[in-house]
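Notes follow the structure.
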Amino acid sequence: MPELPEIQTSINDLLNSRIIGRRINDCRVLWPRSVRPLKAGDFQARISGLVLQQLHRRGKYMVFRLNRDQTLLVHLRMTGQFHLRPAGSPEDPHDRVIFELDDRRRLCFHDTRKFGRLILTADPEDILNRLGPEPFDPALGAEDFFRALRRRRSRIKALLLDQSFIAGLGNIYCDEALFAAGIHPLRNAASLREEEAQLLLVKIREVLNTGLRNRGTSLGLGETNYLSGGRRGENSGALHIYGKAGQRCPRCGSVIEKIYVAGRGSHLCPRCQEITLEGSLTSPG
DNA sequence: AATACAGCCTGGACGC
DNA sequence: TGCGTCCAGGCTGTAT
């Protein structure tokens with residue numbers, strides 16, 4: 001599932017494919033819910049003729065700046081991806097929105113499970129302002145992170161998945177960061193000691209950086225798998241814990257467990273990520 | 001404030 | 001081989 005490294009890789013690949021400066025000559029919406037809340041016809045009419053001026057990432061959103069003060073926010077959710085194809089290519093059954101560019105290329109939003117969203121708006125900040133800090137923001141210091149954790153009573157994993165607390169983490173990199181920091185996903189956020197919080201922030205950045213270097217994580221071979229630039233991500237070999245329930249912990253050899261936290265499958269080593277009674281309880285004050 | 005759960009979706013894994 | 005069933009999960013909305 002696309003998280004920060006996969007979104008950033010998708011953006012880098014589009015930038016390398018020189019889509020900036022291209023005009024959208026025409027647009028076809030094949031699955032209207034992909035462009036909610038606009039109606040398909042309104043989306044097509046409003047975006048046709050606009051020029052792609054900038055592209056960057058914020059959290060898990062791809063932010064396409066267009067002229068006339070319009071912004072296209074794209075959330076890939078589970079299976080969204082972009083493909084550039086020559087004009088006249090045969091239609092892919094999972095393409096949901098197709099942009100005809102002015103250089104005889106097609107920018108196709110491909111989304112098997114149809115959860116992804118393309119939001120065309122003049123006020124992207126209404127959405128982006130709800131996001132928490134970027135994990136790599138140099139202004140996000142270890143001490144701030146510790147203090148923010150101390151104020152919260154939720155389970156640490158639920159908090160890391162909360163995009164308004166920190167933006168860009170999803171299930172895979174969350175499990176990997178918690179394992180690398182030796183922190184049980186059910187730990188109460190407020191129970192983390194200062195050195196644990198500091199280490200967790202370091203490990204979050206490490207696992208994301210590894211993911212970025214490897215162009216993201218692709219799991220399995222099927223239709224729903226993550227691709228960018230038509231290629232698989234190479235990060236699955238760098239995973240230590242995610243998707244490895246029943247296998248041995250690479251650090252201590254214990255059997256990796258899978259539990260559910262905040263409704264998500266969560267992988268952990270019961271020895272490297274111990275939880276104590278006080279860690280699982282809400283601390284007073 | 002935190003949690004749980006349904007809903008949105010389909011391909012793939014699994015059992016028989 | 002071919003069904004049926006369940007699972008995966010980011011996010012939103014609703015209920016507790």
Side-chain angles (χ1 to χ4, degrees), chain A residues 1-8 10 29-37 57-62 73-81 92-97 109-119 121 124 126-132 135 148-178 185-192 208 211 216-227 232-233 236 239 241-246 258-267 279-285:
Chain A
M1 59 237 76
E3 309 178 28
L4 186 152
E6 291 77 24
I7 314 294
Q8 189 63 55
S10 300
V29 175
L30 305 173
W31 182 255
R33 288 187 185 186
S34 296
V35 301
R36 278 197 314 187
R57 183 188 57 75
R58 176 75 177 96
K60 295 182 193 170
Y61 285 93
M62 301 172 76
L73 295 178
V74 177
H75 200 302
L76 302 176
R77 293 282 183 98
M78 304 302 299
T79 59
Q81 47 191 253
D92 184 297
H94 299 116
D95 283 349
R96 307 304 178 195
V97 181
F109 178 68
H110 180 283
D111 186 19
T112 307
R113 287 191 188 161
K114 300 177 174 173
F115 285 170
R117 290 290 175 264
L118 281 67
I119 302 163
T121 175
D126 289 353
I127 290 169
L128 299 180
N129 282 345
R130 293 181 217 153
L131 298 175
L149 290 177
R150 210 169 45 173
R151 276 187 254 116
R152 301 292 291 262
R153 301 300 155 79
S154 56
R155 297 157 171 172
I156 183 63
K157 173 149 180 186
L159 197 54
L160 295 183
L161 289 172
D162 180 349
Q163 300 299 299
S164 70
F165 182 77
I166 187 167
L169 288 173
N171 208 33
I172 295 176
Y173 295 98
C174 227
D175 280 7
E176 292 295 320
L178 287 169
L186 287 174
R187 284 278 298 280
N188 192 283
S191 79
L192 266 65
L208 292 175
T217 304
S218 294
L219 299 165
L221 299 168
E223 183 57 54
T224 58
N225 198 24
Y226 156 79
L227 295 177
R232 293 170 57 82
S236 64
L239 300 182
I241 199 98
Y242 182 84
K244 297 185 188 296
K258 181 176 181 183
I259 62 172
Y260 285 84
V261 185
R264 308 279 158 63
S266 301
H267 310 79
S280 64
L281 296 175
T282 299
S283 59

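Reminder, nothing fancy here: chain letters follow the sequence lines and each chain counts from 1.
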Inset, instruction - Determine if A:Phe115 stacks with C:dG9; use a centre-to-centre distance below 5.5 Å and an interplanar angle below 30° as the criteria. - result: no
Inset, instruction - Rounded to the nearest 0.5 Å, what's the gap from CG on A:Leu239 to OH on A:Tyr173? Could you check? - result: 7.0 Å
Legend entry - Min side-chain heavy-atom separation A:Leu219-A:Ile172 under 4.5 Å: yes
Legend entry - For atom CZ of A:Arg130 and atom P of C:dT12, their distance in whole Å: 7 Å
Inset, instruction - Tell me yes or no: between the side chains of A:Tyr226 and A:Glu3, is some donor less than 3.5 Å from an acceptor? - result: no
Inset, instruction - Please name the pair of heavy atoms, one in A:Ala167 and one in A:Arg58, separated by the smallest distance, quoted to 0.1 Å. - result: CB-NH1, 3.8 Å
Legend entry - Nearest-angstrom distance from the residue atom NE2 of A:His267 to P of C:dG9: 7 Å
Legend entry - 5' priority, DNA chain B, between A:Arg151 and A:Arg77 [closest heavy atom]: A:Arg151
Legend entry - Among A:Thr224, A:Asn225, A:Asp111, side-chain hydrogen bond (donor to acceptor under 3.5 Å, both in side chains) partner for A:Thr79: A:Asp111
Legend entry - Min side-chain heavy-atom separation A:Asp162-A:Arg152 under 4.5 Å: yes
Inset, instruction - Hey, which sits more toward the 5' end of DNA chain B by its nearest nucleotide, A:Arg33 or A:Gly263? - result: A:Gly263
Legend entry - Atom-to-atom span, CD of A:Glu6 to P of C:dG9 - whole angstrom: 14 Å
Legend entry - Atom pair distance, as rounded to whole Å: CG in A:Leu219 and C1' in C:dC7: 15 Å
Inset, instruction - For A:Leu76 and C:dC11, give me the distance from atom CG to atom P, rounded to whole Å. - result: 10 Å
Inset, instruction - Tell me whether the OP1 or OP2 atom of C:dG10 has a side-chain N or O from A:His75 closer than 4.0 Å. - result: no
Inset, instruction - Using a heavy-atom cut-off of under 4.0 Å over every strand shown, decide if A:Arg155 touches base, sugar-phosphate, or nothing. - result: sugar-phosphate
Inset, instruction - Give one of base, sugar-phosphate or nothing for A:Tyr242, where a contact means two heavy atoms less than 4.0 Å apart. - result: sugar-phosphate
Inset, instruction - Report yes if some heavy atom in the side chain of A:Leu227 is under 4.5 Å from a heavy atom in the side chain of A:Arg232; otherwise report no. - result: yes
Inset, instruction - Ignoring hydrogens and angles, answer whether the base of C:dA8 and the side-chain atoms of A:Arg264 contain a donor-acceptor pair closer than 3.5 Å. - result: no
Legend entry - chain A footprint on DNA chain B, 5' to 3' - any atom under 4.0 Å from a heavy atom: B:dA2 to B:dG12
Inset, instruction - Remember a base hit wins even if backbone is also touched, and classify A:Gln163 as base, sugar-phosphate or nothing at under 4.0 Å, heavy atoms. - result: sugar-phosphate
Inset, instruction - Determine the contact category for A:Lys157: base if any of its heavy atoms lies under 4.0 Å from a base atom, sugar-phosphate if only primed atoms, P, OP1 or OP2 are that close, otherwise nothing. - result: nothing
Inset, instruction - Report the distance from atom CG of A:Leu161 to atom C1' of C:dT12, rounded to the nearest whole Å. - result: 15 Å
Legend entry - Euclidean distance, atom CG of residue A:Asp162 to atom P of C:dT12 [Å, nearest integer]: 10 Å
Legend entry - Spacing of A:Leu169 atom CG relative to C:dG9 atom P, expressed in whole Å: 15 Å
